[in-house]
2 protein chains.
Amino acid sequence: MDIRTRILKAAADVYASTGFRGATTRRIAQEAGCNEITLFRHFGSKACLLHEAVRCAGMEIAPTTLPDPPRSPRAELSDWAHRQHQHLLEKRSIIRTCMGEVEEHPEIFPTADGATDHAALGLTTYLAGLKAHKLTAVDFDEGAAAAMLIGVLFADAMGRDIMPKLFPAKPEQAVTRYVDLFLRAIGAVKQ
Amino acid sequence: MDIRTRILKAAADVYASTGFRGATTRRIAQEAGCNEITLFRHFGSKACLLHEAVRCAGMEIAPTTLPDPPRSPRAELSDWAHRQHQHLLEKRSIIRTCMGEVEEHPEIFPTADGATDHAALGLTTYLAGLKAHKLTAVDFDEGAAAAMLIGVLFADAMGRDIMPKLFPAKPEQAVTRYVDLFLRAIGAVKQ
DNA sequence: ATGCCTTGCAAGCATACACTTGCATACATC
DNA sequence: GATGTATGCAAGTGTATGCTTGCAAGGCAT
């Protein structure tokens with residue numbers, strides 16, 4: 001692997017587990033298996049390195065999309081939710097660290113082009129499509145509904161390892177149940 | 001105010017905005033308006049001080065309870081949800097910091113006696129009561145439902161200031177909509 | 001072979017940190 | 001008045017950190 005890539009990965013890992021202050025240049029260099037100076041030669045400063053490392057770590061996402069003409073809400077939403085949850089679960093460490101430091105280092109937080117915003121937009125559009133195609137029996141606010149589904153997926157992925165009482169079920173089972181509840185909440189027509 | 005209390009409050013504030021490493025004894029002392037040594041004389045070490053400060057900051061909670069024989073699900077759940085959300089919103093800073101550092105400092109994270117666990121238990125019990133009293137039209141998993149409502153309240157409170165696209169509505173309006181969706185999800189009987 | 005480019009090594013610098021020591025000052029209780 | 005207790009001030013210790021400097025070793029193209 002390229003040394004630059006190795007450094008970026010090491011920086012993201014160390015940052016995820018120790019935060020900005022804890023991610024010392026010495027430790028990142030050790031984790032990357034290179035000399036400390038090489039970091040500075042490549043990225044100039046610790047701040048620039050971490051900034052880019054977090055940006056790249058967030059960019060690895062393969063954004064799951066929902067079909068444009070919705071056909072089978074249950075199947076499509078279930079598939080989408082499981083993928084989103086899986087992704088959040090894998091990245092939970094760096095996401096939690098980023099969120100914990102967003103007030104001190106807002107510039108390091110991937111905001112506008114973040115995956116979550118993208119996911120929210122996609123889901124909202126999909127839900128609007130559901131209504132347009134008469135696949136729901138009741139009226140509801142797409143924005144609130146999207147926030148609700150994404151919210152519970154997010155909270156579950158962030159909290160299940162540290163608050164096991166709140167999320168006792170296994171990940172896949174839990175997500176399936178969330179989707180079930182969600183479908184009923186938006187009055188999805190059974191197929 | 002007692003100096004000990006002042007120090008604890010200052011420690012919690014500084015910790016909430018800068019994390020464990022960022023919460024230097026100098027800055028805490030400055031924030032508390034006392035000498036740095038006083039911290040050590042009272043609490044022995046920075047770790048002990050922060051541990052107790054976070055514990056106390058989390059303990060300030062006035063845990064909102066749900067009525068035992070449920071009567072009006074919409075009114076009761078709405079009231080409860082708004083209170084929970086308000087509380088999470090007020091404490092979002094320290095909660096985010098705690099979550100971001102839970103892997104590095106698990107001992108500082110208020111777990112078992114935490115408010116969230118308590119809230120989850122109370123809500124689960126309430127939902128079971130709803131089913132027992134035939135106030136719901138469909139069957140559902142109380143645990144998953146509780147996680148869903150708490151999850152979205154949590155995600156909203158943690159994320160609305162840093163991901164405004166995901167949570168565009170005003171807090172109270174958003175919570176009301178979550179509760180509406182939730183009531184439909186659990187098939188709550190209209191009253 | 002020469003020169004360039006990347007990387008490594010050793011050492012160091014200025015700063016900040018947690019924490020300690022010694023001493024002085026106030027205040028309250030006896 | 002004497003004594004103990006809580007707090008403050010000044011100074012310092014050892015360590016860690018971000019970052020720099022100087023120099024050498026290796027690969028690679030000309």
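We name chains A, B, ... by the order of the sequence lines, and we start the count at 1 in each one. None of the values given here were measured: they were computed from a predicted structure.
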Verdict with supporting geometry, Leu8(B) and Thr5(B), side-chain contact (heavy atoms from CB on, under 4.5 Å): CA-CA 5 Å; Leu8(B) 283 174; Thr5(B) 316; 5.6 Å; no
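Salt bridge absent: Asp2(A) and Arg6(A) never bring a charged side-chain N and a carboxylate O closer than 4.0 Å. Ion pairing of Asp79(A) with Arg83(A) is present here, as a side-chain N (NZ or NE/NH1/NH2) and a carboxylate O approach within less than 4.0 Å. Taking the charged nitrogens against the carboxylate oxygens, Lys131(B) and Asp141(B) have no contact shorter than 4.0 Å, which rules out a salt bridge. Looking at Glu172(B) and Arg177(B), no side-chain N of the basic residue comes within less than 4.0 Å of a carboxylate O on the acidic one, giving no salt bridge. No salt bridge links Glu101(B) with Arg96(A); every basic N to acidic carboxylate O contact stays at or beyond 4.0 Å.
By the salt bridge (Lys or Arg N to Asp or Glu O under 4.0 Å) test, Glu31(A) pairs with no residue at all, sequence neighbours left out. Remark: Glu36(B) engages Arg26(B) in a salt bridge (Lys or Arg N to Asp or Glu O under 4.0 Å) (not counting sequence neighbours). Under the rule for a ring pair (Phe, Tyr, Trp, His ring centres under 6.0 Å), the partners of Phe20(A) that lie at least two apart in sequence or sit in another chain are His105(A).
Remark: C1' of dC17(C) and CD of Gln30(B) are 15 Å apart, rounded to the nearest angstrom. Note: CG (Leu50(B)) to C1' (dC17(C)) measures 14 Å, nearest angstrom.
Atoms CG and OG, from Asp180(B) and Ser78(B) in turn, are 8.0 Å apart once rounded to the nearest 0.5 Å.
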Shorter than 3.5 Å, N or O on both sides, protein versus nucleotides 17-20 of chain D: list them out with atom names.
residue: dG18(D); atom: OP1; partner: Lys46(A); partner atom: NZ; Å: 2.6
residue: dG18(D); atom: OP2; partner: Thr25(A); partner atom: N; Å: 2.8
residue: dG18(D); atom: OP2; partner: Thr25(A); partner atom: OG1; Å: 3.0
residue: dG18(D); atom: O6; partner: Arg26(A); partner atom: NH2; Å: 3.4
residue: dC19(D); atom: OP2; partner: Lys46(A); partner atom: N; Å: 2.8
residue: dC19(D); atom: N4; partner: Arg26(A); partner atom: NH1; Å: 3.4

Using nucleotides 5-7 of chain D, report all nitrogen or oxygen pairs with the protein that are shorter than 3.5 Å.
residue: dT7(D); atom: OP2; partner: His42(B); partner atom: NE2; Å: 2.6

How would DNA chain D look in dot-bracket form, 5' to 3', counting Watson-Crick and G-U wobble pairs with both distances under 3.5 Å and writing | for bases paired to another strand? ||||||||||||||||||||||||||||||
